[in-house]
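By convention in this document, chain letters (A, B, ...) are assigned in the order of the sequence lines, proteins followed by strands, and residues within each chain are numbered from 1.
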Number of protein chains: 2
Amino acid sequence: MLHVLLHMARHDGPMKSETIGTMLGTNPVVVRRTLAGLRDAGYVRSEKGHGGGWVIACDLERVSLLDVYRAVGGPRLFAIGNEHSNPDCAVEQLVNTAVEDVLRDAEALLVKRLGAVSLAELSRGLDARCAGVSRRRLPGVD
Amino acid sequence: MLHVLLHMARHDGPMKSETIGTMLGTNPVVVRRTLAGLRDAGYVRSEKGHGGGWVIACDLERVSLLDVYRAVGGPRLFAIGNEHSNPDCAVEQLVNTAVEDVLRDAEALLVKRLGAVSLAELSRGLDARCAGVSRRRLPGVD
DNA sequence: AATCATGTTACTCAGTAAGTTACATGATTT
DNA sequence: AAATCATGTAACTTACTGAGTAACATGATT
């Protein structure tokens, strides 16, 4: 979806769900479903009828990757979670506490890092990349 | 599974898959499937026949939570991954690079923290907890 | 030889995400 | 006003994963 947002920001006029769907190899309805979260969060706006489609509705400077992630709807960041088969078991309680402790810190880092990057920064990175593609090495790519 | 390993360490003699299954509300075959990874890694050993079952086969001091996690078989730590719909798209490349950068750091932290805790430490934490349960606050629990 | 417990395979079942179809709503164009 | 276009949404189908289950083989103990 970040992919889509950046394209949208650089695109002149609204983008159709079908165009976006073709772009990332899926279909229009799935695009609408996913984009609905971003619309509800106020990051994009959708317009109906002739010449309609999706447009950016926010200041890219004020929206972070974390904002997008949350709006698009992944409440769970990690693939691992705790079991609670017998809540009274001291072993289970201790293990859960230890694991949750680690997970909490890792999630905090993830949140911090994702929250520190704005869409505008990504867009600027793209400008730089296009400008110097033939002369310089690409930033962040080995 | 950490739960199971600690119980196993404190249990005198082999534990049956059925016992373990009952313990965490699942069935014996699932237990065997999951424990198979730990057996292949050499952390536990299984014995057949009368009085058989699962026993610890390692020094708890030398096995970390990370080791267990890997042995039990979760190659993917995060619930989010990158898309690769059109590898030639500059936007996608930039976005993927940025996201991977963050993910890599978060995973590194997770690996570091999980690798820093041994099963033996957890077991000691359990001893302390049992000993002082009526007098002191439980460590790590608010 | 009988019994017990694991090892393994194959099948079924449940939950989730994506894909698909169909139709309603609203905006633009003619 | 009518036709067209694009989104909004609901309902259904499909694909995939993980757990649950059943069946049988292997090996060890009694």
CZ of B:R10: more than 12 outside heavy atoms within 6.0 angstrom? yes
Specify the separation, in whole Å, of atom CD of A:E47 and atom P of D:dG8. 11 Å
Is any side-chain heavy atom of B:P28 less than 4.5 Å from a side-chain heavy atom of B:V30? no
Figure out the CG/C1' separation between B:L24 and D:dG20, and round it to whole Å. 14 Å
Closest-nucleotide ordering on DNA chain C, the 5'-leading residue of B:H50 and B:W54: B:H50
Are the side chain of B:E100 and the backbone of B:T97 linked by a donor-acceptor contact shorter than 3.5 Å? no
Pairwise side-chain contact, A:L122 with A:L65, heavy-atom cut-off 4.5 Å (strictly under): yes
Pick the nucleotide of DNA chain D nearest each of A:S46 and B:K48; which residue has the one closer to the 5' end? A:S46
Students should find this one: the first and last nucleotides of DNA chain C, 5' to 3', lying under 4.0 Å from a heavy atom of chain B. What are they? C:dT3 to C:dA10
Between B:G53 and A:G25, which residue's closest nucleotide on DNA chain C lies nearer the 5′ terminus? B:G53
B:D40 side chain to B:G37 main-chain N or O, any donor-acceptor pair under 3.5 Å? no
Take A:M23 and A:H7, measure what side-chain contact (heavy atoms from CB on, under 4.5 Å) needs, and give me the verdict at the end. CA-CA 10 Å; A:M23 196 168 80; A:H7 268 293; 3.7 Å; yes
Quick one: does A:L35's side chain get under 4.5 Å of A:L38's, heavy atoms only? yes
Base, sugar-phosphate, or nothing for B:R45, non-hydrogen atoms under 4.0 angstrom? nothing
Reading 5' to 3' and counting Watson-Crick or G-U wobble pairs with both distances under 3.5 Å, write the dot-bracket notation for DNA chain D, | for bases paired outside the strand. ||||||||||||||||||||||||||||||
State plainly whether one hydrophobic cluster holds both A:L103 and B:V72, where clusters connect Ile, Leu, Val, Met, Phe, Trp and Tyr through side-chain heavy atoms under 4.5 angstrom apart. yes
Please list, for nucleotides 10-16 of chain D, all pairs of protein and nucleotide N/O atoms separated by less than 3.5 Å.
unit_1, atom_1, unit_2, atom_2, d
D:dA11, N6, A:R33, NH1, 3.3

Measuring to OP1 and OP2 of D:dG8, would you say a side-chain N or O of A:R32 lies under 4.0 angstrom away? no
Please tell me which of A:A36 and A:G52 maps to the more 5' nucleotide of DNA chain D, matching each residue to the nucleotide holding its nearest heavy atom. A:G52
Start with the C-alpha distance between B:R62 and B:D67, add both sets of side-chain angles, then the distance that settles salt bridge (charged side-chain N to carboxylate O under 4.0 Å, His left out), and finish with yes or no. CA-CA 9 Å; B:R62 304 181 64 85; B:D67 293 328; over 6 Å; no
Check the surroundings of atom CZ in B:R124: do more than 12 heavy atoms from other residues, nucleotides or ligands lie under 6.0 Å from it? yes
List the steps, then state whether side-chain contact (heavy atoms from CB on, under 4.5 Å) holds for A:V102 with B:L110. CA-CA 7 Å; A:V102 172; B:L110 212 45; 3.6 Å; yes
